[in-house]
Amino acid sequence: MPQTMNRERALRIRRHDRVRAKVSGTPERPRLAVYRSNKHISAQIIDDKSGRTLAAASSTEPELRDRLGATGGGNVTGAEAVGRLLVTRAKAAGVSRVVFDRGGFAYHGRVAALAEIARNEGLEF
């Protein structure tokens, strides 16, 4: 891996650590954590007090992979599909309010699209 990639990853992890120092999921308001790679996007709703994942969705799941085609979760459409699926699973788990954890990624593009869809579908941030 090139030296710059290690540096970029290290900087993102430092940003994530700063966010995580302030953001924590509780049973009343679990944490919606987003991870974005070049090809895919995934999100989890986590109760940090008990260490449990309450709901999760990813563009790597067969259910979404068939629908998204070759682009997978590497675009805004894929992120929106993951957001919709996550909200349906969150409602089934009884979650309606969350705190948003962008994972050190900029609140822009796919991360923002996932968050906006989650808000529009009924999750309260």
Side-chain angles (χ1 to χ4, degrees):
M1 191 179 285
Q3 189 70 23
T4 55
M5 291 303 289
N6 286 336
R7 183 170 172 8
E8 289 173 5
R9 185 170 190 279
L11 291 173
R12 184 192 71 79
I13 290 170
R14 283 176 57 187
R15 285 191 302 272
H16 190 203
D17 289 343
R18 275 198 307 269
V19 170
R20 288 288 289 121
K22 300 175 183 102
V23 175
S24 179
T26 64
E28 299 81 36
R29 285 187 76 157
R31 175 170 57 100
L32 190 150
V34 176
Y35 178 75
R36 174 184 62 81
S37 72
N38 287 337
K39 290 184 177 181
H40 297 286
I41 191 163
S42 62
Q44 300 180 68
I45 297 180
I46 305 162
D47 174 6
D48 289 316
K49 296 282 187 216
S50 65
R52 288 184 46 228
T53 298
L54 306 173
S58 173
S59 61
T60 60
E61 295 179 23
E63 180 180 331
L64 287 179
R65 218 178 320 141
D66 296 339
R67 223 180 326 154
L68 297 174
T71 58
N75 57 20
V76 171
T77 308
E80 290 172 347
V82 170
R84 280 190 193 91
L85 182 60
L86 182 69
V87 170
T88 56
R89 291 177 178 174
K91 287 181 180 177
V95 175
S96 60
R97 299 179 68 210
V98 297
V99 292
F100 189 71
D101 174 10
R102 60 189 174 86
F105 300 103
Y107 188 84
H108 178 78
R110 290 184 281 159
V111 174
L114 190 145
E116 291 302 317
I117 285 294
R119 264 193 207 102
N120 293 342
E121 295 285 322
L123 273 187
E124 188 180 324
F125 289 34

query = Who are the side chain to side chain donor-acceptor pair (under 3.5 Å) partners of S50, not counting sequence neighbours?
reply = D47
task = Apply side-chain contact (heavy atoms from CB on, under 4.5 Å) to S96 and list each qualifying residue two or more places apart in sequence or on a separate chain.
result = none
request  = Give the minimum heavy-atom separation between S59 and L64, together with the two atoms involved.
outcome  = CA-CD1, 4.2 Å
query = Sequence neighbours excluded, which residues qualify as side-chain contact (heavy atoms from CB on, under 4.5 Å) partners of R89?
reply = A55, A57, E61, E63, L85
request  = Taking all heavy atoms of S24 and all of V99, pick out the closest pair and write down the distance.
outcome  = O-CG2, 3.9 Å
task = Check I41 against V111 and note the closest heavy-atom contact, atom names and distance.
result = CD1-N, 4.5 Å
task = For residues V95 and P30, report the shortest heavy-atom separation together with the two atoms involved.
result = CG1-CG, 3.8 Å
task = Just grab all the ring pair (Phe, Tyr, Trp, His ring centres under 6.0 Å) pairs involving residues 56-97, residues at least two apart or on different chains.
result = none
ask   = Can you list every pair that meets ring pair (Phe, Tyr, Trp, His ring centres under 6.0 Å) and has a residue in residues 29-77, with sequence neighbours left out?
value = Y35-F105
inquiry  = Applying salt bridge (charged side-chain N to carboxylate O under 4.0 Å, His left out) as the test, list every pair that has at least one member in residues 10-29; sequence neighbours left out.
reply    = R20-D48
ask   = What's the spacing between L86 CG and T88 OG1 if we round to 0.5 Å?
value = 7.5 Å
ask   = Got a second to check how far L11's CG is from N6's CG, nearest 0.5 Å?
value = 11.0 Å
key: Validation row: L114, V82 side chains within 4.5 angstrom (heavy atoms)   = yes
message = Tell me whether V19 shares a hydrophobic cluster with I13, the cluster being built from Ile, Leu, Val, Met, Phe, Trp, Tyr side chains joined at under 4.5 Å.
response = no
request  = Could I get the full list of side-chain contact (heavy atoms from CB on, under 4.5 Å) partners for E8, not counting sequence neighbours?
outcome  = M5
ask   = Please, which pairs that meet ring pair (Phe, Tyr, Trp, His ring centres under 6.0 Å) have at least one residue in residues 46-83, sequence neighbours excluded?
value = none
Only pairs under 3.5 Å count here: list side-chain donor-acceptor contacts from residues 74-81, not counting sequence neighbours, and write none if there are none.
residue : atom : partner : partner atom : Å
N75     : OD1  : T77     : N            : 3.4
N75     : OD1  : G78     : N            : 2.9
N75     : ND2  : T71     : OG1          : 3.4

ask   = Restricting to pairs with a member in residues 103-112, which pass salt bridge (charged side-chain N to carboxylate O under 4.0 Å, His left out), not counting sequence neighbours?
value = none
note = Between the CG atom in L123 and the CZ atom in F100, the distance rounded to the nearest 0.5 Å is 10.5 Å
message = For N38, I'd like to know if atom CG has over 12 heavy atoms of other residues, nucleotides or ligands within 6.0 Å.
response = no
request  = Only counting residues at least two apart or in another chain, list the ones meeting side chain to side chain donor-acceptor pair (under 3.5 Å) with E116.
outcome  = Y107, R119
task = Go through the structure and list residues passing side chain to side chain donor-acceptor pair (under 3.5 Å) with S58, not counting sequence neighbours.
result = T60
